[in-house]
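What follows is a short report on a single structure.
The figures here come from the full heavy-atom set of this structure, side chains too, leaving out hydrogens, waters and symmetry mates. For ligands, and for the atoms within them, numbers begin at 1 and follow the listed sequence. All of these numbers come straight from a predicted model, not from anything done at the bench.
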Amino acid sequence: MIENPLREGLRLERIPEPCTMVIFGASGDLTKRKLVPALYSLAQQSLLPGGFSIVGAARTPMSSEDFRARMKEAVHHFLDPGQVDSRVLENCAAGMFYTPIDVKDPGSFKRLSELLSQMDQERGTSGNRLFYFSTPPTLYAPLTQLLGSVGLNRSSGWTRVIIEKPFGHDLASMLALNKQVLEVFREEQVYRIDHYLGKETVQNILVLRFANGIFEPLWNRRYIDHVQITAAESLGVENRGGYYDQAGVLRDMIQNHLLQIFTLVAMEPPVSLEADAVRDEKTKVMQAVRPIELQHMDQFAVRGQYAAGAVNGQPAKGYREEKNVSPDSNTETYAAIKLLVDNWRWADVPFYLRSAKRLPKRVTEVAVQFRKAPHLLFKDSEPLQPNSLTLRIQPDAGITLRFGAKLPGQSIQVRTVSMDFRYGTSFGKKSPDAYERLLLDAMLGDSTLFARGDMVEISWRLLMPVLDAWQKTADHFPNYESGSWGPRESDEFMQREGRRWRRL
Ligand code: BG6
C-alpha cells in the first residue's frame, strides 16, 4: 500500500524502492536549476534508495562523464555552499548516466530501453522507472508515443511519468494531449506536476483548515466577505519571451498555480487524505464555479501589460521591448478574475485571483476577508478595518490575523493590529524546495499533490471564454508601468465590486 505522509502525520523516512529517473530535456534549465539540486538534497537527507539512478536524455550530444560534470556544477551553483557535501555529491554523480535522444530517431528510444534494462541488472532498480518530461510541450505527445512504441510504458516494476506544465495550450489541445497520453499510460501512472502544490505553505492551507477547530466553522458565506488570492512577481519575462508571448499570465499562472490554491481554500473537507479523496473534492469545487459568460466578461476579468518603468530602483523595459516578444503584442502580463462558487458554503462570496509580472515585489498570498462586525458600537473611532486572515505563501511564509484593538488612553479608539505566525522564527528550519517533495512523492506513488486530468480539463474549460474574448479584442496596451501595482482598469474593476485590492 502507498504510504501517505499527511495521513500518518509524519513524512520523514519514507524511502522509495530502488528506481531510475529518466529526465527528458536533461540539457535544459529546469534540470540544472531545480531537478538535480532537489535530487541531491534528497540524497543528502538519505531519502533516496540505494541504486537510485538518473538518466539524462536530450538531443545535445554528451557523454555520461560530461553530464555528471555539468550536474555537479549545477548543484554547486544552485545550492548554498554550506549545503553541499562533496562525498554525497560524488556518490550521486556515480549514479548518473546520459543517452542522446531524438524524437525523430526511434532507434534512440530502443537504446534508452536497453540502457534501462542493463541498469536494472547492474544497479538493482528492478524495472522501477520515473520518466520526467522537462522538454518543450510540443514534445510531450511524441515522447509518450515513442515510449509506448518501445514498450517503456510498462515494466516488471512500476512505471510513472511526470509531465511539466503547461498541460495544453487551451481546452482542445489539453484534451488531445490527455487522450494521447492515456492511450499509452493509465491515469494512475500520470503525474501532472504543479510545483506550487509542493510548496510547504500551500500544503499548510489544508493543515490550517482541517487540523484546527477554530477556522473551519468560520470558513463560509456567513462570516467571509471575499477572498483575494495574489501571485505578484517583480521579475519580467526574463529570457522566456518566446514561450510567454504565446501564453500570457492567465495560462502561465492562473490556469494552474492559482486555481490549485483556490481549490485548496474553497474545497469541502475530504473524507481522508488519500490522493483521490483530496482530488475528488478539488474537482467538485471547480465544478461548482460559475461559468464566465462572454457578455459579462468585464465583470469577471481584467487584464494588463507592463510598460517600461522601474522595479526596485532598477530601470525595466516594457514588455513589448523584451527579447522574442512581438513589438505589438497583445499578450497579458497582468490578469485578475473573479470566481463565484455556486454551492451552499460559498454562494455570493467572490474569490478574486490576480497575478502579474513587473509589480513592485514578489508576494504570493491568500487573504480571507471577513464580514464587518454587525453593529458598530465604537462610533467615534476611525473607520474600522475588516478582520482578515492572510496566508503568506512566499516569501516570508506565515499567517497573519488582523483585528481591532483598543488604543491605550482614556478614550476608546480602535486600531488595527496583527497576530503573526512566521515559519522562519517558529520552526527555525528551512522548508524543502517544492521539487524535493514532489519528486519523492512521485517515486513513492503518492499523487495527492499532482493535478488529475479532470481537474486540468475543468480549469481550461473555465478560462476558455476569457482567453477567447481576449484573443479577439485588442486592449490599450501597455497599460501599467513596470514597478506599479497594475493597471487603473483593475482598480476600477474592484471599485465596481465595492472593494479594494490589498496593498501588499
Ligand atoms: C512558473 C511560471 O510556473 O512559475 C513562471 O511559468 C513564474 O512565469 C513561476 O515566474 C513562479 O514560480 P515561483 O515558485 O517562483 O513562485
- Item | atom 11 (C) of ligand 1 - nearest protein heavy atom and its distance | E233 OE2, 3.6 Å

- Task: Check whether any N or O atom of T364, backbone or side chain, sits under 3.5 Å from an N or O atom of ligand 1, and answer yes or no.
- Result: no

- Query: Mind checking whether Y243 has an N or O less than 3.5 Å away from an N or O of ligand 1?
  - Reply: no

- For Y196, take its heavy atoms, then give the atoms of ligand 1 lying under 4.0 Å from any of them. 11 (C), 12 (O), 13 (P), 14 (O), 16 (O)

- K199 heavy atoms, cut-off 4.0 Å: which ligand 1 atoms fall inside? 13 (P), 14 (O), 16 (O)

- Note on the structure: Among non-hydrogen protein atoms, atom 8 (O) of ligand 1 lies closest to D252 OD2, 2.6 Å

- Taking salt bridge (charged side-chain N to carboxylate O under 4.0 Å, His left out) as the test, write out the residues that go with R303, two or more places apart. D475

- State whether a side-chain donor-acceptor pair under 3.5 Å links D245 with T331. yes

- Message: Taking distance alone, with N or O pairs closer than 3.5 Å, would you say Y244 contacts ligand 1?
- Response: no

- Are Y334 and Y306 close enough that their ring centers fall under 6.0 Å? no

- Query: If you count the non-hydrogen atoms of other residues, nucleotides and ligands that lie under 6.0 Å from CZ in R209, is the total more than 12?
  - Reply: yes

- Between F351 and W346, ring centroids under 6.0 Å: yes

- Could you check atom 15 (O) of ligand 1 against the protein and tell me its nearest heavy-atom contact, residue, atom and distance included? R362 NH2, 3.2 Å

- Item | Closest non-hydrogen atom pair between G25 and T135, with its separation | N-CG2, 3.7 Å

